[in-house]
Amino acid sequence: MANPEVNLLFHQPIADHSFSADRNVLAVTRDNSVELYERQGHGFVLKDELKGHDKVVTSVDIAPKSGKIVTCSQDRNALVWEPSPTGWRPTLVLLRINRAATFVRWSPSEAKFAVGSGARVISVCYFEEENDWWVSKHLKKPIRSTILSLDWHPNSVLLAAGSADAHARVFSAFIKGVDQKPEPSPWGERLPFNTVCGEFLNNSGGWVHDVAFSPSGNALAFTAHDSSVTIVYPSGPDQPPQAIMSVSTHQLPFTTLTWITEEEIVAAGHDCEPFRFRGSIDQGWSSVGALDSSKSRSSSIARESSARDLFKQMDLKGKTVHSATADDIQLKTIHQNTITAIRPYAGDAAQGGVKQISSSGVDGRIVIFPIGGARPTFTH
Amino acid sequence: MAANQNWRLIDVDALDPELQYPAELLSPPFDPVPLSTVQQLSQQCRGLLQRGENAEALRIALQNVPYGADDAGKDLHCTTIVEILGSIKQSEMSTTLNTIYSSSEAGSELLDTLMKYLYKGMAKKDAPQVGSGGASGGMSVLLSWHEKVVEIAGLGSIVRVMTDRRTV
């Protein structure tokens, strides 16, 4: 298996990152701006800086087809950046929120994007040709707290949201005149704007860090602060779901997750390395271990070296106290701090599976992990 | 507003008429459990302890958590569990936990519950009297249990104590 590609961009946290469709341009958030990097050989070179927000940028997304970049920030604004002969030109979007914007994602159709915020609303934004500006409609009920994550269904109508009130919800974000009437799905048939198609909570009810629709859109996964990953299979409108499967893990909580295939998920977070989950509605879901296989797993058990071990090391191997502590400064994982976002990098989850994922962390690193042996091993 | 007021402590949400936190959002509803039920359970566990079935006593106590009980009931159940924990020898801790962990699908959840009681036990001002060392002895028993639970159920079990709204 190929080794992960590690890029240390700077020594500041990266809240979110996004690659262009050809994977040559990388956008990362850094304080109040977004930096655009271009791939050169094995590394990335800083090409441009998008300055327009006056508070911390919380999320960034590059539309794969149009190449437009959308950013949102704690200054309560979202900006859409379009290339022009004089550089990137920002357009302000009227979000009408009174708290920080926390998360932004383009819909697969790229005609809309959704912005989550601390104002307990999701702003669904679309472009109005007549007035030549971006307007927003609010998804409001029944959100009780800050929206921490969003994910679009492949049909660009349904929107999943993870919230600090411990619920993962599925809404309809249907905009008349922008969207085509969607095909019926297990989430529902008639879907006017702000239809709540599902509201889910797991047993211990930690706040929901991230949500994601499966490649087919027929299942929803979310990860909460109780170190769990929960997968929901809906059965139909106004009916309880077919199955809700929750995997409680031994790890620290996961902050981000992505589907690799219809039967495999990768999640990462405070343990600084990605973990893999496999399962299906018939087999149930379970954790199948870490993705970051380059390090020796046994070391994590001996991570907390006691004073006795320390003296033993000095006695047997002549290690000084100084060199012994130097080993402790570095984590055994590639990322040296919490992973904030993972995204598919190569391959398509709907067709043959994701082959590589990219991750960004609080340590300022962008890592591209290969997904080896992504095929589920159990028989059908 | 006074100039010396700490504006970071102002509850801005209190000024928002639209903001409402329904009670069930903060603590999920449970059927009330009368104190007598908790007392019965406590006696059942004591009976098991006298017959030497300590592991079984622990499992039963962890399976029947009175989430709906009042404070007195919850405190009594905590005392029961701490008593059971104190009666299990240090050398048998890991085997007991492993049996509970692998006994059923919900084994990991039982250890999460145990973790809640370990923290509750440690949080009590009048530390429970277990073992021979009095108050401090009780604390060290809980600490060694804590270590063993983390070995088996991982750091996730500690995080779940903090996030879980089903408080004990």
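Letters A, B, ... are given to chains in the order of the sequence lines, protein chains preceding strands, and every chain is numbered from 1.
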- Quick one: which of B:Ser157, B:Ser108, B:Gly156 has the most heavy-atom pairs under 4.5 Å with chain A, could you say? B:Gly156
- Message: Sort by residue number and list every residue of residues 166-173 of chain A having at least one heavy atom under 4.5 Å from chain B.
- Response: A:Ala166, A:His167
- CG of B:Asp164 to CG of A:Asn203: how many Å apart, nearest 0.5 Å? 8.0 Å
- Locate the shortest heavy-atom distance separating A:Asp226 from B:Val159; write the atom from each residue and the value. CA-CG1, 4.5 Å
- Neighbour count >12 (heavy atoms, 6.0 Å) for atom CG, B:Asn6: yes
- State, to 0.1 Å, how close A:Gly206 and B:Thr163 come at their nearest heavy-atom pair, and which atoms those are. CA-CB, 3.9 Å
- Message: Main chain of A:Gly205, side chain of B:Arg165: is a donor-acceptor contact present, judged purely on distance under 3.5 Å?
- Response: yes
- Just wondering, more than 12 heavy atoms not from B:Asp31 lying within 6.0 Å of its CG? no
- Note on the structure: Value for NE2 (A:His250) from CG (B:Leu111), rounded to nearest 0.5 Å, stands at 8.5 Å
- Can you measure from CE (B:Met162) to OG (A:Ser204) and round to the nearest 0.5 angstrom? 12.0 Å
- Task: Could you look at B:Ile152 and say if it's the side chain, the backbone, both or neither that has a heavy atom under 4.5 Å from chain A?
- Result: backbone
